[in-house]
Protein chains: 2
Amino acid sequence: MGQDLPVTSYALLGLLTFGDELTGYELKQRADATLRFYWVSPAMSQVYSELARLADRGLVLTRARRSNGDETTATTYRISAAGRRALETWMRESEPGFSVLKHPVALRLLLGHVVDPETTIAMLEAHVEALDAERAALARVREGLRGRDEPGQPFRHPSLVADWGLDYFDNERRIVTHLISRLREEGDA
Amino acid sequence: MGQDLPVTSYALLGLLTFGDELTGYELKQRADATLRFYWVSPAMSQVYSELARLADRGLVLTRARRSNGDETTATTYRISAAGRRALETWMRESEPGFSVLKHPVALRLLLGHVVDPETTIAMLEAHVEALDAERAALARVREGLRGRDEPGQPFRHPSLVADWGLDYFDNERRIVTHLISRLREEGDA
DNA sequence: ACAGCCATGTAACTCGTTACATGATTAC
DNA sequence: GTAATCATGTAACGAGTTACATGGCTGT
C-alpha cells in the first residue's frame, strides 16, 4: 500500500496539515519559510513532481482554482484522510534517524592548514554575517506565529522548532566568534 | 583545466593533505572518523569512484602496495602537487555557501500536532540518547589528537573543528532537554 | 512597454545510495 | 573452519538539481 516515500515527500505532505489548501507555488513558499531551516526546501520543479506523486497515491486531493472562462491557471492541493493516516503512521512507526549536516565552513576550517590564516579568519567572519542574516530571517518567521503559538494552538509546534533554531544560531555565532579570537591570538604570537 | 568537482571530492582530497598515503579503505575510515561530523561520509563505493576521478585528473597519485609474488591487492593514494594547488585554489576562490541541515527530529517536532504528545516526547528523549552517543564518539576522536593540536602542529585545525562539534552537541542537548520539559509541563496542565 | 511575480511543467544530468560480486588476510 | 576485517569494484536506481520553455496577471 503506502509504499515508502522519501522524507521530503512526507515533509511537504506535513506542510499541508495546517488546515489550508495551497498551490504548488504557495507550498514552495511555505517550505522556504519553514522547512528550509531544518530540512531542505526542494526546488520548484520537485515540489510539482512530489505533489503529482502524492496525488497519484491519493494522499492529496486537487482542485482547480480561478477558472476564468475556460482557462484553468492554478491547481490547489489539500491533504486527504488517507494522507493524514499515512503521515501519522510514518511519524509513529518509522525511525527518525540522525541529522545530517553539510557544513562547508567547518569543512574548510578542518583544512585550514592549506591556506594562510587570514583567509580562514575572513571566511569565518563572513560566516558570522551569514548567520546573522539567517537568524534574522528565522526571527521574522517566528514573529509571524505570535498569537497562535500557545499550547493547543495550531502553530505551537512550529514555534517550538523556531525557538530551537534561534537558539542554535545564537550558539553557533558564539562558537564561531570564539574560534576567530583563538585564531587571531595565534597570529599575534 | 581543473573542471569543477563536487565538494565531497575536495573533502576527500583534503583528507590526503595530512602527510600520508592511504588505501581507499583507509580513507573511508578517516572520513568516518572526521568528515562524518561536518559533512557526509561517502559510501565505500563512492570513495573508490571519487579516487578514480581524482587520479584521472592527476590530483592524486597511485601506488601499488603489498605485492606478494604477482598479486597486487592494494593501491594507495597520495595527493599530488597539482592536487594541492587545486585544493588551495578551491579554498581561496570559491564561496563556501551556507550549511544544509537535514534534521529529521526537528522536522517531526514541527509536525507534532499530528501525533500524541507522548510520541513526540519519546522521540526527543531518544534523540538525547543518540546525541550522547555521537558526542562520545567525537570526544574519542578529539582525544586522539591531543599532543598534536597546538598552533602550528598538524592537527591544529581538526582539533578546532572537533571542539566546535563538541560545543554544538552540548548546546543541542541543552535545547532538546529544555524542549522536553516544556512539552511535559503542557501535558500536566 | 516592461519588470516582477504567479503558475506549471519537461529534460538532462549529477550525486550518492544500496545491492551485488569477489577474494585475500587475520584472529579465535 | 569460520567469522571479521581488509580490499576493490560494478550495476541499478532514486533524489534532487539546473536549465529550459511557456504563459497569465499586476503594477508603474
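Letters A, B, ... mirror the listed sequences (proteins, then strands); counts begin at 1.
- The shortest non-hydrogen separation linking R142(B) to A162(B) is CD-CB, 3.6 Å.
- With sequence neighbours left out, A11(B) forms a side chain to side chain contact (heavy atoms under 4.5 Å, CB included) with L107(A), L35(B).
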Residues 12-20 of chain B side chain polar contacts: donor-acceptor under 3.5 Å, at least two apart:
| residue | atom | partner | partner atom | Å |
| --- | --- | --- | --- | --- |
| T17(B) | OG1 | H113(A) | NE2 | 2.9 |
| T17(B) | OG1 | G14(B) | O | 2.6 |
| D20(B) | OD1 | R30(B) | NH1 | 3.2 |
| D20(B) | OD2 | R30(B) | NH2 | 2.5 |

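- Ion pairing between R174(A) and D170(A) fails under the 4.0 Å rule for side-chain N and carboxylate O.
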With B for base contact, S for sugar-phosphate-only contact and - for none (protein heavy atoms under 4.0 Å), nucleotides 15-22 of chain D reads SSBB----

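- Sorted by first and then second residue, the pairs that involve residues 42-56 of chain A and meet salt bridge (charged side-chain N to carboxylate O under 4.0 Å, His left out), not counting sequence neighbours, are E50(A)-R53(A).
- Here the P atom of nucleotide dT17(C) and the OH atom of Y48(B) are 15 Å apart, to the nearest Å.
- Remark: F169(B) pairs with F98(A), F37(B), L131(B), E134(B), R135(B), L138(B) by the side chain to side chain contact (heavy atoms under 4.5 Å, CB included) rule, at least two apart or across chains.
- Within a heavy-atom distance below 4.0 Å of DNA chain D, the residues of residues 20-33 of chain B found are T23(B), G24(B), Y25(B), E26(B), Q29(B).
- Taking a cutoff of 4.0 Å between a charged side-chain nitrogen and a carboxylate oxygen, E143(B) and R146(B) qualify as a salt bridge.
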May I have the list of side-chain donor-acceptor pairs in residues 83-90 of chain B shorter than 3.5 Å, sequence neighbours left out?
| residue | atom | partner | partner atom | Å |
| --- | --- | --- | --- | --- |
| E88(B) | OE2 | R92(B) | NH2 | 2.5 |
| T89(B) | OG1 | R85(B) | O | 2.9 |
| W90(B) | NE1 | S94(B) | OG | 3.4 |

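- Annotation: the span from R36(A) atom CZ to S41(A) atom OG amounts to 8.0 Å, rounded to 0.5 Å.
- Atom OH in Y77(A) sits about 10 Å away from atom C1' in dG9(C), given to the nearest Å.
- Grouping Ile, Leu, Val, Met, Phe, Trp and Tyr residues whose side-chain heavy atoms lie under 4.5 Å apart, directly or via other members, places L101(B) in a hydrophobic cluster with L101(A).
- Within residues 84-98 of chain A, no residue approaches DNA chain D, by heavy-atom distance under 4.0 Å.
- Here E150(B) pairs with Q153(B) under the side chain to side chain contact (heavy atoms under 4.5 Å, CB included) rule; sequence neighbours left out.
- R148(B) pairs by the salt bridge (Lys or Arg N to Asp or Glu O under 4.0 Å) definition with nothing, not counting sequence neighbours.
- Direction of the helix axis in the helix from dA1(C)-dT28(D) to dC28(C)-dG1(D) shifts by 30° between the two five-pair termini, rounded to 10°.
- Using a 4.5 Å heavy-atom threshold, the side chains of V7(A) and W39(A) count as touching.
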